[in-house]
Amino acid sequence: MQIDFPFHVDGRGRTAAADEEKHVRDLIEQVLFTAPGERVNRPGFGSGLLRQVFGPNGDVIASAVQLTVQGSLQQWLGDRIQVESVDVVSQDSTLAVTVTYRLRRDGQRRTAELSREV
């Protein structure tokens, strides 16, 4: 078992835990929504996705963002997952990301749908 993200205490008053599948989904969320430079001991960690929300919009930019996000996931989680696709949609004040991946441990396809208001 791994520590659940975001950190919280469970109903027994202990640190909440997550199984492997939930932990990997939590790691994906951390990579996506952490800006490089935000973590002191890992300044390169993250994808910079939230910075792109306020940038110019268009097909070329959307493709570049998707490739950047996919590269970040492969860099930081490549030992745990194989990324199959990343879809990023910015609508109104919400950024929605869908990541389709396979856990290297069992090879099963999974989808993580994450969103963040910006």
Side-chain angles (χ1 to χ4, degrees):
M1 292 299 244
Q2 305 286 333
I3 295 174
D4 198 12
F5 173 81
F7 179 83
H8 63 279
V9 177
D10 65 13
R12 300 175 302 172
R14 298 178 181 174
T15 299
D19 62 20
E20 178 71 14
E21 187 173 336
K22 169 85 169 66
H23 181 66
V24 169
R25 187 206 168 282
D26 291 345
L27 290 172
I28 290 170
E29 182 175 359
Q30 290 176 54
V31 169
L32 292 178
F33 298 119
T34 300
E38 192 173 323
R39 292 198 174 176
V40 175
N41 293 328
R42 287 194 176 176
F45 183 83
S47 68
L49 178 62
L50 293 177
R51 281 186 283 175
Q52 299 300 327
V53 173
F54 301 107
N57 202 358
D59 292 340
V60 173
I61 298 297
S63 296
V65 168
Q66 288 176 333
L67 287 174
T68 300
V69 168
Q70 188 164 348
S72 294
L73 288 169
Q74 289 173 341
Q75 176 184 359
W76 294 106
L77 302 177
D79 60 331
R80 291 182 181 232
I81 65 172
Q82 177 184 355
V83 179
E84 292 187 350
S85 67
V86 175
D87 185 38
V88 180
V89 176
S90 178
Q91 191 169 28
D92 296 328
S93 64
T94 303
L95 182 67
V97 182
T98 303
V99 179
T100 304
Y101 64 97
R102 291 183 187 273
L103 278 180
R104 293 204 184 272
R105 174 177 49 87
D106 62 13
Q108 290 185 348
R109 177 180 284 158
R110 291 173 172 81
T111 301
E113 294 179 3
L114 306 154
S115 64
R116 180 82 39 107
E117 278 196 40
V118 290

For the pair Ser47 (side chain) and Leu32 (backbone), establish whether a donor and an acceptor sit closer than 3.5 Å, ignoring hydrogens and angles. yes
Scanning both residues in full, the closest heavy-atom pair of Gln66 with Val88 reads NE2-N, 3.3 Å
Closest contact, heavy atoms only, Gly48 versus Pro36: N-CD, 3.4 Å
Rounded to the nearest 0.5 Å, what separates atom CG in Asp79 from atom CD in Gln74? 12.0 Å
Phe33 to Arg116 - nearest heavy-atom pair and separation: CB-NH1, 3.4 Å
In terms of hydrophobic clusters joined by side-chain contacts under 4.5 Å, are Phe5 and Trp76 together? no
To check you understand the geometry: which heavy-atom pair defines the closest contact between Val69 and Leu49, and what is its length? CG2-CD1, 3.8 Å
Has the side chain of Arg104 got a donor or acceptor atom that lies under 3.5 Å from a matching backbone atom of Gly78? yes
Out of curiosity, Asp26 CG to Gln2 CD, how far, rounded to the nearest 0.5 Å? 10.0 Å
Are Gln30 and Arg39 packed together at the side-chain level, in the sense that at least one heavy-atom pair is separated by less than 4.5 angstrom? yes
Just wondering, do Tyr101 and Leu73 contact through their side chains at under 4.5 Å, heavy atoms? no
From His23 atom NE2 to Ile28 atom CD1, the distance as rounded to the nearest 0.5 Å: 11.0 Å
Glu29/Arg25 ion pair, N-O < 4.0 Å: yes
Going from OG1 on Thr100 to CZ on Arg110, what distance comes out if it is rounded to the nearest 0.5 angstrom? 12.5 Å
